[in-house]
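First the proteins, then the strands, lettered A, B, ... as listed; each starts at 1. Excluded from the calculations below are hydrogen atoms, water molecules and symmetry mates; all remaining heavy atoms, backbone and side chain alike, are included.
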There are 2 protein chains.
Amino acid sequence: MWFVYTETPTAGTTAPVRASERAYRQLRGEILDGILPAGTGLLEIEQSARIGVSRTPLRAAIARLIADGLVAGRPGRGFMVTEMSMDSIRELYEVRRALEEHAARIAADRRDPAVFLALRDQFLAAPELLAQGETGLHRYYDLIDEFDDAVDEAVANPFLVGALATVRTHLARIRRLARGNPARLRAAAAEHLLIIDAIIAGDTSLAAHATHVHLQQSLTNVLAAIQGQPTGPVA
Amino acid sequence: MWFVYTETPTAGTTAPVRASERAYRQLRGEILDGILPAGTGLLEIEQSARIGVSRTPLRAAIARLIADGLVAGRPGRGFMVTEMSMDSIRELYEVRRALEEHAARIAADRRDPAVFLALRDQFLAAPELLAQGETGLHRYYDLIDEFDDAVDEAVANPFLVGALATVRTHLARIRRLARGNPARLRAAAAEHLLIIDAIIAGDTSLAAHATHVHLQQSLTNVLAAIQGQPTGPVA
DNA sequence: CGTGCATTCTATGTATACATAGGAGCTTCA
DNA sequence: TGAAGCTCCTATGTATACATAGAATGCACG
């Protein structure tokens, strides 16, 4: 059982050799994609059988998910995918604002202009990208990831980057809600351009304020999107 | 082996029944107190034997410590207590500033005045407390914990409180350095009073700025303390 | 018919056995 | 004598067996 490779080693990406890593990535991905909706009970035996690992590595995976805040241990029985209420989203954005504003400020101070100049060109082309349907959307989100990575690298602060990573993990669960709103995505791209310009200019204050504006707009949009689809709690 | 209670259930405090919880608390406490200095290698077998639990719960404890950032898995072999360089301390305070300023701002907006009025009286008595030697020092730190808890409760934001908890965990490792500097502690108490007054007054801006000042003073003091004791990396 | 208790069952917590990978040390050859 | 390769050893990663606690359910009694 422990030497059966059902999947060929993915070229380019480092294949997770450890079973606990596989279980973690799969569960995390499924939670973020909404395949495992909020409130879903995670039974060790059930999940370990489904994923194809033993209970021991699965427990390690669950432990990491708990640390991420994606899973909570229920007092009495088992574990469950954490809920994401509208209040939670507001709370998340409250922290996000503090961290991203601070990060933008620092990034504007320590950035390598060349990196953000290159990003600027890509964001300028974002509207065309968003007109290309699903694949363009995917590349747009990749672009945002690149921007986040560039900020992380400029900030050069493991603690801050780590805190941001936690926030972004939860954000990924919410991001799905903004899908199918091209107008908002184009606006967001324009807001990103403002932030990037401020960072390139080394204008710390403007970078922070532009980030504040962007996040406020983002939050408003997300909350409106939830109101629009009254399917109860967010996956 | 699994039914031997070497310690009587601590009155008042909930005794951790799970072995993984015991291992986690002990290791965490020892790291925070410097008993396990930075760079110490943690071997599963060795530590599990020392603490008196099996490898399985110990692994769970290690996993939590990794999530806390107190322990890092080394690429090749084993785990080790993370280092705390002077740069790390600066980075930590950079995040701390962002989070605590934001928290102070929110607390000033949402606080229950009665709670902070009570804290105010206690902080007013802090100088006398600090004159009482070791026990007074201990009660002073408890007082700061109470203040932090009050802020957490006023903030009422699990994400922000969680991020603050992470920062404070690392701060606890550093705090030992300020010991034996009564002048600084008295000054810190005065700075706390300023923050508390701002929170009571509902002055969000002042609360944030007073927090900024306090943290800057704290950082300066910590860095100076490290310079004073050139024992290399901080425990 | 409702409530309380006991039983059973299930899922987690723990311990341990085994496989494997990576490093340290030794040996050997140039 | 130095470097390279091999071997052994150690510590982690994984699987599984077992004990236990808590909850759900069914039964009995009021």
Base C/dT14 to side chain B/Ser20, donor-acceptor N/O within 3.5 Å cut-off: no
Provide, to the nearest angstrom, the distance between the [atom1] atom belonging to [X] and the [atom2] atom belonging to [N].
X: A/Leu58; N: D/dT14; atom1: CG; atom2: C1'; answer: 12 Å
X: A/Arg22; N: D/dG13; atom1: CZ; atom2: C1'; answer: 13 Å
X: A/Arg59; N: C/dT12; atom1: CZ; atom2: P; answer: 8 Å
X: B/Glu21; N: C/dT12; atom1: CD; atom2: C1'; answer: 15 Å
X: A/Glu46; N: C/dT12; atom1: CD; atom2: C1'; answer: 14 Å
X: B/Met80; N: D/dA11; atom1: CE; atom2: C1'; answer: 17 Å
X: A/Ile45; N: D/dT16; atom1: CD1; atom2: C1'; answer: 12 Å
X: B/Glu44; N: C/dT14; atom1: CD; atom2: P; answer: 15 Å

Side chain of [X]: nearest nucleotide among [options]?
X: B/Arg18; options: C/dT14, D/dT12, D/dT14; result: C/dT14
X: B/Thr56; options: C/dT12, C/dA15, D/dT12; result: C/dA15
X: B/Val53; options: D/dT12, D/dT14, C/dA15; result: C/dA15
X: A/Pro57; options: C/dT12, D/dT12, D/dT14; result: D/dT14

Touch class at under 4.0 angstrom, heavy-atom based, for A/Leu43 against every strand present: sugar-phosphate
Sugar-phosphate, base or nothing in reach of B/Ile62, heavy atoms under 4.0 Å: nothing
Neighbour count above 12 (heavy atom, 6.0 Å) for B/Glu153 CD: no
OP1 or OP2 of D/dA15 under 4.0 Å from side-chain N/O of A/Ser54: yes
B/Arg55 side chain near C/dT16 phosphate (N/O to OP1/OP2, under 4.0 Å): no
Electrostatic pair B/Arg50:B/Glu30 at N-O distance under 4.0 angstrom: yes
B/Glu100 and B/Arg105 ion-paired at < 4.0 Å: no
Interatomic spacing from CG in B/Leu223 to CZ in B/Arg90 - rounded to 0.5 Å: 5.5 Å
Polar contact flag, side-chain donor to acceptor under 3.5 angstrom, B/Arg184-B/Thr220: no
